[in-house]
Amino acid sequence: MKFKTLLILLIFIMPSLSAFGQFQNNSISWEQAKWIGYTKDDRLEKWSTRDFIRNQPPMDINTWKPTEKDLKAVRRKAHPSVLLRKSFSVTKEIESAQIAICGLGLYELYLNGNKVGDRVLDPAQTSYDERAFFVRHNVTSFLKKNNGLGIMLGNGFYGQNIAFWPGLAYGKPRAIAVLDITYTDGTKKQIVTDQSWKAHASPILFDNVYHGETYDARKEIKDWSNYGCNDASWYEAELMKAPTTNLIEHELEPMRKVRKVNPVAVLPAEKGWIIDLGQNMTGWLEINIEEQEGTEVKMHFAEHLMPDKKNIDPASTGIHVVGNTQTDIYICKGNGAETWEPRFTYHGFRYAQIEGLTKKPSLDQFTGWLVRTDVERIGSFRCSNEQINTFYDVSMLTIEDNLQGLLSDCPHRERCAWMGDAYVVAEAASYNFDLQGLWQKTTNDIKTVIGKSKAHFKDPFPYDERAPANISVGKRLCLQARPDWGAATVMIPWFSYVYFGDKKIVEDSWIMMQGWMGYLDEKVQEDGIINGGFGDWCPPGGNPNMDTPPALSSTALYYQNLVAMRKMAIILDKETLAKTYEQKATFVKNAFNAKFFNKETNSYGSQTGNSFALYSGLVSEQKAQLVADNLAQLIMKKNKGYYTTGIFGHRPLYTVLNDFGHSDVTKHLWDRTDFPSLGFVTETHGLTTWPEHIANWDKTKRYHRNSFNHPMNSGFAASFHESLGGIRPDENHPGFKKFYLKPTFLEGLQWCEVDYESPQGEIKSYWKRNTKVITWSVTVPKNSTALVQLPMYISKQIKVNNKRVKSNTFELDSGEYIISIK
């Protein structure tokens, strides 16, 4: 067997073996359980289908005058939502009871009329032919003598057959479940899904994660999940094919409704009313209405309004690729006040246009729910400049909006786990959210798409069975990973190790990472350069303005991969391999500088070239300051005080400027509110999340059709912790067992406060300035050591707890300190 083939087999076999062990260790017996569902479909076409508009508008939607042909649509039908139920009795005193369930694409579990747990959009998306998640629910306290068990199923991504193209679906909804009951006398009882269950169509007439949900309250079945439900007219559940043999326990925090978002205005619309939530968000709208039976209340969702403010503008939410507007429809049962929210869809939106209400609604009739993977918030930042605070808040909300069981590129149009996006934002996100579980899932997702996609016809790389896809989960893979996007194969495990001390992810990913590096090693040119790649994506004005060759960023990322692989090889006691990666890294570093470095100008040719080379460690120690000086000159002179970086260059831009004494340039860039600048987005246009790219928008016209909620543009937000607060990990002591404190006391700021809950405990960095002294309060957690670096000052200017220091670099053990700097 060829080595490549063996490598791929090992990558795919290992998760299955792990899952088998997990089943055995946790005493779940699935042998008697069957996958069940219900495929009979008597829904009216009016409700079971949605229009799919086939022709796409051009980028500049303000110049587009659609013809009748452009607007011609086809009707696509969603798979039906299903109710499954079973009644059972218990005859003895119960010691414990737990349910293990996998419902695909999404499920809600009910016991005795009540929903079990507070999870939503469960389980998280996977490549369902490779693996699927089951979830445990402890139901010991909810069982009675006579019980009713119910499962409601929706399509999720498993049955998503409308947006993009129908071939993305894996199949119709189905479920498998095991209820294990242990009695106090030691005997046991098991209830499993099989053909003894009954099935019925649910009140959900349509559900699609991209398009929305239609719910007919008149079709609700009272007490459907109670013991006493008369299910004589229900159908026998159908046995369904198992989607995968690899069932594993849900490996990250569940999705939940994490907080309410109260609307700020009700605006009159051309049709109905527009609800303004005041922020761009991911989730849904809960409604409380009172209308006559059969009233159809339609809710359309978008990020923007048309210039006349009388209609929503859905262009940026992906109508040109997913086929239509995000829309929920609720059909009233008409017996007084009715409260409803969707179950099996979510939206990216700020505005909801409501049609069908008979009178003007009030604000208290609507509640927005921000829905995301319920990871813990572990970082915070505040300073004396409100515009900078806004940059941080916008960055965090953009990340939050895209934590959807994966890190998505946007929450409306694509909802895909693009690998390059994850790489760019990984550090900023890890400073602020506990993403250890999410990075583990991301890495396991990548394993499921290795060798599954073809190379792009424009790329110089042929198909390779060791290469993942550009998108790390699902069927919409968008071809074989380019060398820059695929760098996440190595860097996500590496970042998880550095920030969370997670050695296991390194061990579990080693074969996969070696395969990716072997693939790249064979494709690198004789001169050490890797051509191909998407490049420095989405600079201001869009990709036509990209001023950095993709070969530069791809080669820099290859170098980052080599350096990380060397360090991870040492972690795993693979000294010989570590030396090999070190030698390759040295060769690539020399090649990179020979190709891209201009000795006369001390420049790599662009803002991104300079900032990314410095961030990647590709610049010699002797030249680093000169390259940073040239970066400042490029910004302030050549580019007239504006930044030109795309996602790779913008990630380290401000930290690099600050580290090399050019914080005045950072301040200048952060003060601007004209195009292109961060302030142009937040202050001039009042946007609450970062767009896919900044364009010179005109408020009197429609916005660009690109997404306005893209976390890849939050990558620079790492600078708030690592530069203004100065908290940086030490790669040689992962999980902040040792870390650096190297703050930038940005001119114009009176104070800055940064917190970070590291694996060792809370790290605090809080500084304020008066006329002559900067007072800096620092907390170093137990079992940690901080190395303070103040290169812009000399030892005579520095005191720690009112005692002079011998150097501007010194260590602090765990404790609280007051550092004063003249």
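Source: prediction; values computed, not measured.
Atoms CD and OG1, from Glu238 and Thr39 in turn, are 3.0 Å apart once rounded to the nearest 0.5 Å. Within the model, atoms CG of Leu44 and CG of Leu205 stand 8.0 Å from one another, a figure rounded to the nearest 0.5 Å. The distance from atom CD1 of Ile399 to atom CG of Asn713, rounded to the nearest 0.5 Å, is 11.0 Å. With rounding to the nearest 0.5 Å, the separation of OG1 in Thr325 from CD1 in Ile312 is 5.5 Å. In this structure, OH in Tyr107 is found 10.5 Å from CG in Leu153, a value given to the nearest 0.5 Å.
Checking Asn709 against Ser707 by side-chain atom types alone, no donor-acceptor pair falls below 3.5 Å. In the model, Tyr330 has no side-chain atom that pairs as donor or acceptor with a side-chain atom of Glu213 under 3.5 Å. Under 3.5 Å, the side chains of Thr373 and Glu253 contain no donor-acceptor pair of N or O atoms. Residues Glu130 and Asn246 have side chains that never bring a donor and an acceptor to within less than 3.5 angstrom of each other. A donor and an acceptor atom, one from each side chain of Glu286 and Trp340, are nowhere located under 3.5 Å apart.
More than 12 heavy atoms of other shown residues, nucleotides or ligands fall within 6.0 angstrom of atom NZ in Lys699. For Lys298, the NZ atom counts as loosely surrounded, since its 6.0 Å shell holds 12 or fewer non-hydrogen atoms of other residues, nucleotides or ligands. Within a 6.0 Å radius of NZ in Lys198, other residues, nucleotides and ligands contribute more than 12 heavy atoms. More than 12 heavy atoms of other shown residues, nucleotides or ligands fall within 6.0 angstrom of atom NZ in Lys333.
For residues 250-269, the pairs satisfying ring pair (Phe, Tyr, Trp, His ring centres under 6.0 Å) are Phe133-His250, with sequence neighbours left out.
For His685 and Tyr703, the distance between ring centers is under 6.0 angstrom. Taking the six-membered ring where the residue is Trp, the centroids of Trp697 and Phe708 are separated by under 6.0 Å. Less than 6.0 angstrom separates the ring centroid of Tyr235 from the ring centroid of Tyr38.
Using a 4.0 Å cut-off between a side-chain N of Lys or Arg and a carboxylate O of Asp or Glu, Arg413 and Glu303 do not qualify as a salt bridge. Remark: Arg476 engages Glu414 in a salt bridge, criterion side-chain N to carboxylate O under 4.0 Å.
Using a 4.5 Å heavy-atom cutoff, the side chains of Arg50 and Asn324 are not in contact.
Take Gln326 and apply the side-chain hydrogen bond (donor to acceptor under 3.5 Å, both in side chains) test, not counting sequence neighbours, and it matches Arg415. Under the rule for a salt bridge (Lys or Arg N to Asp or Glu O under 4.0 Å), Glu290 has no partner lying at least two apart in sequence or in another chain.
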For Asn311 and Asp313: C-alpha separation, side-chain torsions, deciding distance, then whether side-chain contact (heavy atoms from CB on, under 4.5 Å) applies. CA-CA 7 Å; Asn311 291 283; Asp313 183 356; over 6 Å; no

